[in-house]
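First up is the structure itself, then whatever we jot down about it.
Side-chain atoms are counted along with the backbone in the values below, which use heavy atoms only and exclude waters and symmetry mates. Along the sequence shown, residues carry numbers from 1.
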Amino acid sequence: MTSYIYAVGLHNQGGLNILNRFLDKENPKLVYFLDSRLDIEKKKNFHFVSSNLIKRFFHFLRLKKNLQKDDHVFFLNGLPPIIKLNCKISVAFQNANLFREFYKINFIKWLFSFDSLRYLNFVLNSKFVDNWYIFSPRAQEILNRHIKKYMNIKIINIYEEFRKIKVIEKNNNEEIIYDFIYPASYMEHKNHKILIDTLIDLSKQNIFPKVLITLDEKSLLKINFHEIVKKYKLNLYNKFEKDQKKFMNFYKVSRYLLYLSANETIGLPILEAYSYGLKTIAPNLSYSSQFIQPDFLFDLNSKSELKKVIIDCFKNKNSNNNKTKEFKYLKNSINLDEFIKKVL
């Protein structure tokens with residue numbers, strides 16, 4: 001029996017963060033199918049696969065031919081295989097954007113997006129899956145609604161480190177460069193437009209908080225970043241960093257996490273920011289409070305609420321640092337080491 005982890009499609013942001021937690025275990029018995037866009041050291045048990053749909057299809061045909069009945073493929077990328085494979089199949093569901101109900105998008109626009117193809121794959125090929133796994137209560141809630149016949153969905157607890165962590169307390173002598181950080185890739189539901197519109201409104205009140213975002217150059221063009229910053233003289237900055245360890249340094253020089261996503265299954269930046277001593281501002285949505293309680297919640301549909309919390313936090317720069325919070329217990333979960341040992 002051989003256990004495989006299929007992670008094609010995971011190459012940045014939250015998906016890469018989860019993949020890294022598996023890779024950090026350095027288990028040579030696990031064979032990985034990784035996205036060819038990943039810039040990581042090659043190892044004997046790593047096989048790189050193109051994200052191109054046609055090439056992936058032929059890769060699945062090869063898998064179908066070569067896999068044995070007692071093999072186990074764990075799809076960490078969140079989707080079932082596009083064809084039936086002759087072995088045990090498990091999937092870690094983590095992408096709620098398959099479902100249009102979670103964010104506002106024109107149907108035609110959605111129909112011609114990758115999300116519609118992923119949704120079609122989910123609907124047609126879920127029957128190939130033997131076991132579903134999730135990483136959060138929010139993901140379990142969504143999956144229960146869409147795949148009702150699976151009553152034994154299991155939570156893999158990859159967040160135990162945050163329960164044990166001693167929060168890094170910022171001292172007032174530490175150099176803080178940014179008032180707020182919003183670490184998110186550019187997607188419709190991440191609401192970068194709301195952030196920019198809010199900062200423009202604040203600039204008209206002569207309020208200019210320093211805000212850091214983390215987009216690649218192509219995404220900056222989509223939001224007219226340079227033109228808007230210049231026109232309204234915003235203190236809006238951008239730093240894009242693929243290296244996860246270097247990325248974490250952005251938290252060290254920021255005071256508050258400002259999170260604006262309309263839909264998440266995990267909301268990992270809330271946990272990351274908490275571990276670096278930042279106070280957190282998040283929408284009043286179920287994902288925001290599933291692990292720890294944010295310091296400030298706001299109605300995502302209310303610009304006035306968002307502006308108020310930004311102004312209050314901006315003016316209160318010398319507030320007490322974040323303290324260790326109660327971490328909510330994940331019932332009936334299995335930790336990552338147990339999962340690799342007992343399941344894979």
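Across P209 and L199, no two heavy atoms sit closer than the pair CG-CD2, 3.9 Å. The minimum heavy-atom distance between K252 and I176, with the atom names listed, is O-CD1, 4.0 Å. E141 approaches S286 most closely through the heavy-atom pair OE1-OG, 4.4 Å. Listed here is the closest heavy atom pair of F75 and L79: CB-O, 3.4 Å. Smallest separation of non-hydrogen atoms from T214 and A184: OG1-N, 3.1 Å. Shortest non-hydrogen contact noted between H11 and L38 is CA-CD2, 3.8 Å.
For the atom pair I153 CD1 and L143 CG, the distance stands at 4.0 Å (nearest 0.5 Å). Going from atom CD1 of I228 over to atom CD1 of I223 covers 6.5 Å, rounded to the nearest 0.5 Å. Residue S288 holds its OG atom at 8.0 Å from CZ of F298, rounded to the nearest 0.5 Å. Distance check, rounded to the nearest 0.5 Å: CD1 of I213 to CD1 of I196 gives 6.0 Å. Rounded to the nearest 0.5 Å, atoms CG (L300) and CD1 (I194) are 4.5 Å apart. The distance from atom CD of Q293 to atom CD1 of I270, rounded to the nearest 0.5 Å, is 10.0 Å.
In this structure a side-chain-to-backbone donor-acceptor pair under 3.5 Å is missing from Q68 to M1. N121 contributes no side-chain N or O that, together with a main-chain N or O of L117, makes up a donor-acceptor pair within less than 3.5 Å. Within the 3.5 Å criterion, the main-chain N or O of T280 finds a donor-acceptor partner in the side chain of D295. When atom types are taken as modelled, the side chain of E264 and the backbone of Y287 share no donor-acceptor pair closer than 3.5 angstrom. The main-chain N or O of P80 is never found under 3.5 Å from a side-chain atom of N125 such that the two would form a donor-acceptor pair. Checking side-chain atoms of K64 against main-chain N and O of K84 turns up a donor-acceptor pair under 3.5 Å. Side-chain atoms of S261 come within 3.5 Å of backbone atoms of N263 as a donor-acceptor pair (strictly under, hydrogens ignored). Proximity of a side-chain donor or acceptor of D130 to a complementary backbone N or O of I89 within less than 3.5 Å is detected. Side-chain atoms of E241 come within 3.5 Å of backbone N or O of D243 as a donor-acceptor pair. A donor-acceptor pair under 3.5 Å is formed between the side chain of S136 and the backbone N or O of T265.
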**Report entry** Y6 and F60: CA distance, side-chain angles, deciding distance, ring pair (Phe, Tyr, Trp, His ring centres under 6.0 Å) verdict
**Finding:** CA-CA 11 Å; Y6 189 91; F60 273 114; 5.3 Å; yes
Requested in this report: Please report the C-alpha distance between L10 and D35 in whole Å, then the side-chain angles of each, then the deciding distance to 0.1 Å, and finally whether the side chain to side chain contact (heavy atoms under 4.5 Å, CB included) criterion is met.
Outcome: CA-CA 6 Å; L10 304 183; D35 197 297; 6.0 Å; no
Requested in this report: Walk me through it: do F93 and H146 pass the test side chain to side chain contact (heavy atoms under 4.5 Å, CB included)?
Outcome: CA-CA 11 Å; F93 171 75; H146 288 275; over 6 Å; no
Report task. Show your reasoning for whether side chain to side chain contact (heavy atoms under 4.5 Å, CB included) applies to L67 and N86. Result -> CA-CA 7 Å; L67 288 171; N86 303 316; 5.8 Å; no
Query - Trace of the side chain to side chain contact (heavy atoms under 4.5 Å, CB included) decision for Y232 with E227 - result: CA-CA 9 Å; Y232 295 99; E227 294 85 348; over 6 Å; no
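A cation-pi geometry, defined here as NZ or CZ lying under 6.0 Å from the six-membered ring centre and within 45° of its normal, does not hold between K210 and Y178.
Clustering ILVMFWY residues whenever any of their side-chain heavy atoms sit less than 4.5 angstrom apart, transitively, puts L53 in a cluster other than the one holding V123. Side-chain heavy atoms closer than 4.5 Å link hydrophobic residues (I, L, V, M, F, W, Y) into clusters, and following such links, even through other members, never connects Y259 to M187. No chain of hydrophobic side-chain contacts below 4.5 Å, direct or via other Ile, Leu, Val, Met, Phe, Trp or Tyr residues, connects F114 to F122. L278 and M248 fall within a single hydrophobic cluster, where Ile, Leu, Val, Met, Phe, Trp and Tyr side chains are chained together by heavy-atom contacts under 4.5 Å. Under the 4.5 Å side-chain heavy-atom criterion for Ile, Leu, Val, Met, Phe, Trp and Tyr, Y251 and F240 are members of distinct hydrophobic clusters.
When side chains are defined from C-beta on, C87 does not count as touching Y4, because their heavy atoms never get closer than 4.5 Å. Annotation: side chain of I310 is in contact with side chain of F180 (closest heavy-atom distance under 4.5 Å). Put simply, the side chain of F22 does not reach to within 4.5 Å of the side chain of L30, judged on heavy atoms. Residues I40 and L34 are in side-chain contact: their nearest non-hydrogen atoms beyond the backbone lie under 4.5 Å apart. With a 4.5 Å cut-off on side-chain heavy atoms, S254 and Y276 do not count as touching. Residues D179 and N235 form no side-chain contact, since every pair of their non-hydrogen atoms from C-beta on lies 4.5 Å or further apart. Residues K242 and D39 fail the side-chain proximity criterion, which asks for heavy atoms closer than 4.5 Å. Inter-residue side-chain proximity for F296 and C313 is flagged as met; some heavy-atom pair is nearer than 4.5 Å.
Sorted by first and then second residue, the side chain to side chain donor-acceptor pair (under 3.5 Å) pairs with a member in residues 302-312 read S302-S304, K308-D312; sequence neighbours excluded. Legend: ring-ring contact (aromatic ring centres under 6.0 Å, His included) pairs involving residues 190-216, not counting sequence neighbours, sorted by first then second residue: Y182-H192, Y186-H192.
Ring pair Y274/F291: centre-to-centre distance not below 6.0 Å.
Heavy-atom contacts from other residues, nucleotides or ligands closer than 6.0 Å to CZ of F57 number 12 or fewer.
Electrostatic pairing of R21 and D24 does not count as a salt bridge here, judged by no charged N lying under 4.0 Å from a carboxylate O. A salt bridge between K341 and D337 is absent, with no side-chain N of the basic residue lying under 4.0 Å from a carboxylate O of the acidic one.
For N249 and K246, the side-chain atoms include no donor-acceptor pair closer than 3.5 Å. Judged purely by distance below 3.5 Å, without hydrogens or angles, the side chains of T198 and D201 never pair a donor atom with an acceptor atom.
Between H47 and F33, the two ring planes are tilted [angle within 30° to 60°].
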